Amino acid sequence: MRRFPFPLVPKWLRYLGAATVAGVLLYYSVLSPPPVAPPRPDPLWDKKLHLLGYLCLGLALAYATAHRRDTILTRIAVVLVLAVGYGLLIEGLQATQPGRHPSLNDALANTIGALLASAWFLVERGVRYVRPLESTDPIDAGQ
């Protein structure tokens, strides 16, 4: 099976990316004013935002843990525990903010987003991680 090259940036940068996504979620979920609904909102527009946010967090965590030599199931568990746990923490923090309230439906959307991110582990089976400056040319590999 041909494995496609995929860039693997340094570990610190991958974790910084995951922390940045987590920070954006914290800012928009707790620290900023609640979002204003669009003029003609889809009934699930808020849940779609939650799903997308935690899909991004799950993907960032999956990429950040690419160096781990654990089994795929262990890595999936780590990503899900971190993403879902963070979502529950954010929902709890919203209870302390005026104009915000925790929601089981939001927590469910967060969980679904994190679960969807675990599909990356199926894709990852066909990926060969390479350092950004490493050549992927098979001719260069023999020199």
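These numbers were taken from a predicted model, which means no experiment stands behind them.
The side chain to side chain donor-acceptor pair (under 3.5 Å) with D106 is formed by just one residue from the set H101, K47, Q94; it is K47.
Using a 4.5 Å cut-off on side-chain heavy atoms (C-beta onward), T65 and R14 make no contact. Here the side chains of L51 and N110 are not in contact, with every heavy-atom distance at 4.5 Å or above. Y15 is not listed as a side-chain neighbour of Y63, based on a closest heavy-atom distance of 4.5 Å or more. Between Y129 and E124 there is a side-chain heavy-atom pair separated by less than 4.5 Å. Looking at H67 and L8, their side chains never come closer than 4.5 Å, going by heavy atoms from C-beta outward. In this structure, V127 and W120 have side chains that are in contact, with non-hydrogen atoms separated by less than 4.5 Å. Within the 4.5 Å cutoff, the side chain of L25 has heavy atoms near those of the Y86 side chain.
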_Apply side chain to side chain contact (heavy atoms under 4.5 Å, CB included) to residues D46 and H50 and explain how you reach the verdict._
CA-CA 7 Å; D46 175 50; H50 282 267; 3.5 Å; yes

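The CD atom of Q97 lies 7.5 Å from the CG atom of L93; values are rounded to the nearest 0.5 Å. In this structure, CZ on R128 lies 10.5 Å from CZ on F4, to the nearest 0.5 angstrom. Taking CD1 from I90 and CG from L57, the interatomic distance works out to 9.5 Å, rounded to the nearest 0.5 Å. Interatomic distance, S29 OG to L89 CG, rounded to the nearest 0.5 Å: 10.5 Å. Here S118 contributes atom OG and L55 contributes atom CG; the two are 9.5 Å apart, rounded to the nearest 0.5 Å. Rounded to the nearest 0.5 Å, atoms OG1 (T71) and CZ (F121) are 10.0 Å apart.
One hydrophobic cluster, built from ILVMFWY side chains closer than 4.5 Å, cannot hold both L122 and I72; they sit in different ones. A continuous path of Ile, Leu, Val, Met, Phe, Trp and Tyr side chains, each step under 4.5 Å between heavy atoms, connects V24 with V79, placing both in one hydrophobic cluster. Cluster annotation: L104 and L44 are assigned to distinct hydrophobic clusters (Ile/Leu/Val/Met/Phe/Trp/Tyr, side-chain heavy-atom contacts under 4.5 Å, transitive).
Looking only at distances, no side-chain donor or acceptor of R75 sits under 3.5 Å from a matching main-chain atom of R68. In this structure, T74 contributes its side chain and D70 its backbone to no donor-acceptor pair below 3.5 Å. Side-chain atoms of T111 do not come within 3.5 Å of backbone N or O of V84 as any donor-acceptor pair.
The two residues A60 and A18 make their nearest non-hydrogen contact at CB-CA, 3.7 Å. Heavy-atom minimum distance, A107 versus L88: CB-CD2, 4.0 Å. Shortest non-hydrogen contact noted between V9 and R131 is O-NH1, 4.1 Å. The shortest non-hydrogen separation linking V21 to C56 is CG1-C, 4.0 Å.
Ion pairing between a basic and an acidic side chain is recognised when a charged N comes within 4.0 Å of a carboxylate O; R100 and E91 show no such pairing.
Heavy-atom contacts from other residues, nucleotides or ligands closer than 6.0 Å to OH of Y28 number 12 or fewer.
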